[in-house]
Amino acid sequence: MPSQFNFFIFLMCGIVGYIGGRDAYPFLINGLKRLEYRGYDSAGIALLNNTLNVYKKAGKVSELEEFVADKDIHGTVGIGHTRWATHGEPNDRNAHPHISQDGTLAIIHNGIIENYASIKEALITKGHTFSSDTDTEVLIHFIEDIRDNAKVELEEAVRLALNEVVGAYAIAIISKNHPNLLIAARKGSPLVVGVGNDGAYFIASDATPIIEYTRNVIYLEDREIAVIQDQKLVIKNINDNKVKKNPYIEKLNLSIESIEKGGFENFMLKEIYEQPRSILDSMRGRINTKNGTFQMSGLREYEHKFINAKRIIIVACGTSWHAGLVAEYLFEDFARIPVEVEYASEFRYRNPVVGEDDIVIAISQSGETADTLAAIELAKSKGAMIFGICNVVGSSIPRMTHAGAYTHAGPEIGVASTKAFTAQVTVLTLIALHIAQLRGKIADKDLRRFFGELETIPSKVEKALLSNDLIIKIAEHFKDAQNFLYLGRGYCFPVALEGALKLKEISYIHAEGYPAAEMKHGPIALIDENMPVVVIATEGANYEKVVSNIQEVKARKGRIIAIVSEGDVKIKAMAEYVIEIPHTEDCMVPLLATIPLQLLSYHIAIMRGCNVDQPRNLAKSVTVE
Ligand code: G6P
C-alpha cells in the first residue's frame with residue numbers, strides 16, 4: 001500500500017474532459033483557466049456534436065475563448081488542453097487536441113512520449129501524414145493504426161499503444177464514432193476523475209477545475225486507464241487489462257475561495273500575503289509548546305530510521321531545492337546527521353552511492369516534478385527509506401514514498417513558489433528539531449524555546465509584510481537594473497539563492513545568489529555603481545562577517561539593499577536601503593527574510609509589465625525531464 005503520507009487528504013500541460021448530459025464547453029473553458037498555471041503557450045478544445053469540432057490557438061486560454069466565440073461550441077462530450085511546449089514550438093498547429101489520420105479521434109496529452117520518433121517513422125512508411133511536430137499527434141496516429149490493423153476496439157487499441165510507448169502521459173481521447181465514450185489514462189503525469197451526481201464524469205490534471213461540479217474524485221494510479229461509456233466508469237490496468245474493483249472515491253474538502261484570487265490582483269500577491277496563515281497551517285496540530293511535544297503521523301513509524309540514519313540525502317528542484325538547502329543547515333545544526341542536498345535531475349543520472357542506512361527526503365510543492373519522481377525511484381531501488389514533503393494532496397510523491405508530511409500551504413497557483421517554500425521550511429524545521437530531540441542532541445528547554453519561537457513566526461511574517469510600501473519605493477528605484485546580486489551566509493545563503501531565483505523567474509532580470517564571502521572569488525568583479533546588491537544581514541553568528549562583506553561591496557560602489565533585524569543601526573549607516581524584519585532565532589530567519597525578497601521581485605516584475613502568475617517559459621510543475 002503506498003504511504004499517501006498516512007494522511008487523509010492533495011507540470012506541464014493542463015488537461016480537462018467532460019462526458020455527461022450538459023454542454024461540455026463551460027466546464028472545459030473554465031477548467032482550462034484554472035489549469036493555466038500549468039502551461040499557457042497555447043490552448044485547444046475538441047467537442048463532439050455529431051461532428052468532431054476541434055478549435056485551437058497559440059496563446060492564452062482567453063485567446064481561445066475569443067476564437068471560438070462565433071463557432072459551434074455545443075456537445076456533451078469534450079476535451080481541452082492548455083500547453084507548455086515540449087515537442088514543437090508553441091503555435092496553432094502544435095496546440096492540442098490532435099486528431100488521427102482519418103479525423104475520427106481526438107487526443108489531449110500532458111507528458112512526453114520519448115520513443116515517438118521511431119513510431120512516427122514507421123507510421124510514415126505506412127502512409128501516415130502529420131500536421132504538427134508533436135509527440136502527441138504520433139500517439140493518436142499510432143492508436144488509430146493499431147485499431148485498424150489489429151481490428152480491435154478503440155479501448156484495446158489505446159491500451160496496446162500505451163504498452164508500447166516510453167515516457168510519461170496523462171491522456172484523454174474522444175471518438176466521432178463513439179459519441180458516448182471518453183477514454184483517459186495516466187503514467188507519470190497526474191489525472192483526476194470527478195464523479196458527478198447526474199451521471200456526468202469530469203477529468204482534469206488536478207482537482208481544481210472539478211470541485212465546482214463535484215467533490216467526489218478518483219485519483220488514477222500510474223498505468224491505469226479509465227473508460228467512461230454510457231454513464232459508467234471502468235478503471236483497468238494498462239498492462240494486464242484487469243478491472244479495478246471498487247475504486248476509492250475521495251471526498252475533497254478544498255474550498256473554491258482557496259483557489260480564487262480573493263480580492264488580490266494576482267495569485268502571487270495573494271499567496272505572499274497568505275503566508276502568516278499557511279505557515280500556521282503547516283504546523284497546526286504538530287507541536288505543543290507547553291510540554292515540548294511533537295506529533296506528525298507520517299513520521300511516527302519511521303522515527304527509528306531517522307534516529308539511526310547515517311546520512312540524509314535531500315532531492316528536489318527549483319525553490320524546493322532551496323528549502324532543502326535550509327534543511328541541510330537545520331539537520332546538521334540540530335540533529336547532527338550529515339546531509340547532502342541534490343538536484344534531483346543530477347542525482348538520478350549520476351549513479352549515486354545510496355544504501356539502506358540512508359534516508360532520502362524528497363521535497364516538492366506539486367508532488368509531480370518528473371526529475372524528483374525519478375530520483376525517488378532510483379533511491380528506492382537502492383534500498384533507502386524515502387520521506388516526502390509535499391503540498392499537493394493525492395499527487396504522485398505521497399503515493400511513491402514510504403512516509404512523509406504534507407505542508408498544508410493550500411493550493412499554490414502562481415508559478416513562482418512563495419507560500420509553499422515557507423511551509424516547506426517550517427515543516428523541515430519541525431522535523432529537524434524533533435529528530436534532534438529523539439537523538440538526544442537538544443535539551444528539552446531549548447526545544448521548547450524553538451517550538452515557542454516557531455509559533456510566533458506567523459505574526460512576525462505579518463510584521464515583515466508591513467514593509468510593502470518601502471519595498472515599492474525600492475522597486476521603483478531599481479526596476480531598470482540589468483543585474484542583481486543577492487548575498488547571504490549560513491541560514492541566509494539559501495535565502496539569497498531563493499531571492500535571486502524569484503527575481504529571475506518573474507521579472508526576467510538576471511540575478512545571482514551567492515554565499516557572501518564567496519563573492520570575492522568571482523562576482524565581485526561585476527560590482528560597479530550600477531549593481532544592486534541585496535544582502536541578508538540579520539543579527540546572529542555571521543553578522544560581523546556580513547558587515548565586512550557589505551563594506552567590500554561599498555568599496556566598489558555597489559548599491560546596497562540590506563535585510564536587517566529590527567533596530568539595526570550599523571548597517572543602516574552603510575546601506576542605501578534597509579528593510580527590517582523582526583528578531584528571531586538564526587535558524588528561523590529564512591522564514592522572515594524571504595518575505596521582503598518575494599515582495600521586491602513581485603513589485604519589480606509588475607513595474608516592468610510582466611505577468612507574475614504566468615512568467616514566460618516557466619511551468620508550475622515540470623512533469624517532463
Ligand atoms: C518549477 C516551478 C518552481 C518549482 C520547481 C519545483 O520550476 O516553476 O516554482 O520550485 O518547478 O517544483 P516542485 O513542485 O517539485 O516543488
Side-chain angles (χ1 to χ4, degrees), residues 10-14 35-41 84 86 110 168 188-190 205-206 267-268 271-272 278 282 314-327 341-348 360-376 386 388-401 404-407 409-425 427-428 494 497-508 513 594 597-598 601-602 605 610-625:
F10 208 1
L11 302 204
M12 216 113 271
C13 310
L35 292 179
E36 214 170 2
Y37 71 91
R38 301 176 73 93
Y40 33 79
D41 59 44
W84 187 93
T86 57
N110 168 26
S189 303
S205 298
D206 70 34
F267 283 109
M268 183 177 178
E271 287 157 7
I272 290 174
S278 51
S282 70
I314 297 177
V315 292
C317 302
T319 289
S320 296
W321 188 87
H322 295 155
L325 210 53
V326 178
V341 191
E342 300 261 4
Y343 289 111
S345 54
E346 286 299 312
F347 178 84
R348 64 179 289 195
V360 169
I361 301 182
I363 309 172
S364 172
Q365 186 287 129
S366 62
E368 301 291 352
T369 302
D371 284 322
T372 309
L373 301 189
I376 291 173
I386 321 286
I389 308 262
C390 174
N391 194 40
V392 178
V393 176
S395 58
S396 295
I397 286 187
R399 292 159 201 269
M400 295 168 67
T401 46
Y406 282 116
T407 43
E412 190 180 68
I413 308 292
V415 163
S417 187
T418 52
K419 65 173 181 170
F421 173 76
T422 46
Q424 288 165 343
V425 172
V427 169
L428 288 158
L497 292 181
E498 177 56 12
L501 179 63
K502 279 299 81 94
L503 191 71
K504 275 186 273 212
E505 281 178 310
I506 59 169
S507 75
Y508 318 138
T594 305
L597 302 188
Q598 294 169 343
S601 27
Y602 172 82
C610 302
N611 181 338
V612 294
D613 281 346
Q614 296 171 349
R616 71 183 180 207
N617 304 343
L618 298 179
K620 181 71 186 154
S621 170
V622 180
T623 54
V624 295
E625 67 170 284

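Predicted model, so just to flag it, every value in this text is computed and none were measured. Both counts, for ligands and for their atoms, begin at 1 and track the order of listing.
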Trace of the side chain to side chain donor-acceptor pair (under 3.5 Å) decision for Glu368 with Ser396
CA-CA 6 Å; Glu368 301 291 352; Ser396 295; 2.7 Å; yes
Does Ala370 have any side-chain contact (heavy atoms from CB on, under 4.5 Å) partners at least two apart in sequence or in another chain, and if so, which?
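With neighbours one apart ignored, the set is empty.
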Would the distance check show the side chain of Lys620 and the main-chain N or O of Glu36 forming a donor-acceptor pair, the cut-off being under 3.5 Å?
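No.
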Taking the side chain from Ser601 and the backbone from Gln598, do they hold a donor-acceptor pair closer than 3.5 Å?
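Between the backbone of Gln598 and the side chain of Ser601 there is a qualifying donor-acceptor contact (under 3.5 Å).
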Specify the closest pair of heavy atoms between Arg616 and Tyr508, including all atoms of both residues, with the distance to one decimal.
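Smallest interatomic distance, heavy atoms only, reads N-OH, 2.8 Å.
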Could you check Lys502, Gln365, Glu412 and say which one makes a side chain to side chain donor-acceptor pair (under 3.5 Å) with Ser417?
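When Lys502, Gln365, Glu412 are each tested with Ser417, the side chain to side chain donor-acceptor pair (under 3.5 Å) holds only for Glu412.
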Identify the protein atoms, limited to N or O, that lie within less than 3.5 Å of an N or O atom of ligand 1, and list each pair with its distance to 0.1 Å.
from: ligand 1; atom 1: 8 (O); to: Ala619; atom 2: O; distance (Å): 2.9
from: ligand 1; atom 1: 9 (O); to: Val415; atom 2: O; distance (Å): 3.1
from: ligand 1; atom 1: 10 (O); to: Thr319; atom 2: N; distance (Å): 3.0
from: ligand 1; atom 1: 12 (O); to: Thr369; atom 2: OG1; distance (Å): 3.3
from: ligand 1; atom 1: 14 (O); to: Ser364; atom 2: OG; distance (Å): 3.3
from: ligand 1; atom 1: 14 (O); to: Gln365; atom 2: N; distance (Å): 3.4
from: ligand 1; atom 1: 14 (O); to: Ser366; atom 2: N; distance (Å): 2.7
from: ligand 1; atom 1: 14 (O); to: Ser366; atom 2: OG; distance (Å): 2.6
from: ligand 1; atom 1: 14 (O); to: Thr369; atom 2: OG1; distance (Å): 3.4
from: ligand 1; atom 1: 15 (O); to: Ser364; atom 2: OG; distance (Å): 2.5
from: ligand 1; atom 1: 15 (O); to: Thr369; atom 2: OG1; distance (Å): 2.5
from: ligand 1; atom 1: 16 (O); to: Ser320; atom 2: OG; distance (Å): 2.5
from: ligand 1; atom 1: 16 (O); to: Gln365; atom 2: N; distance (Å): 2.7

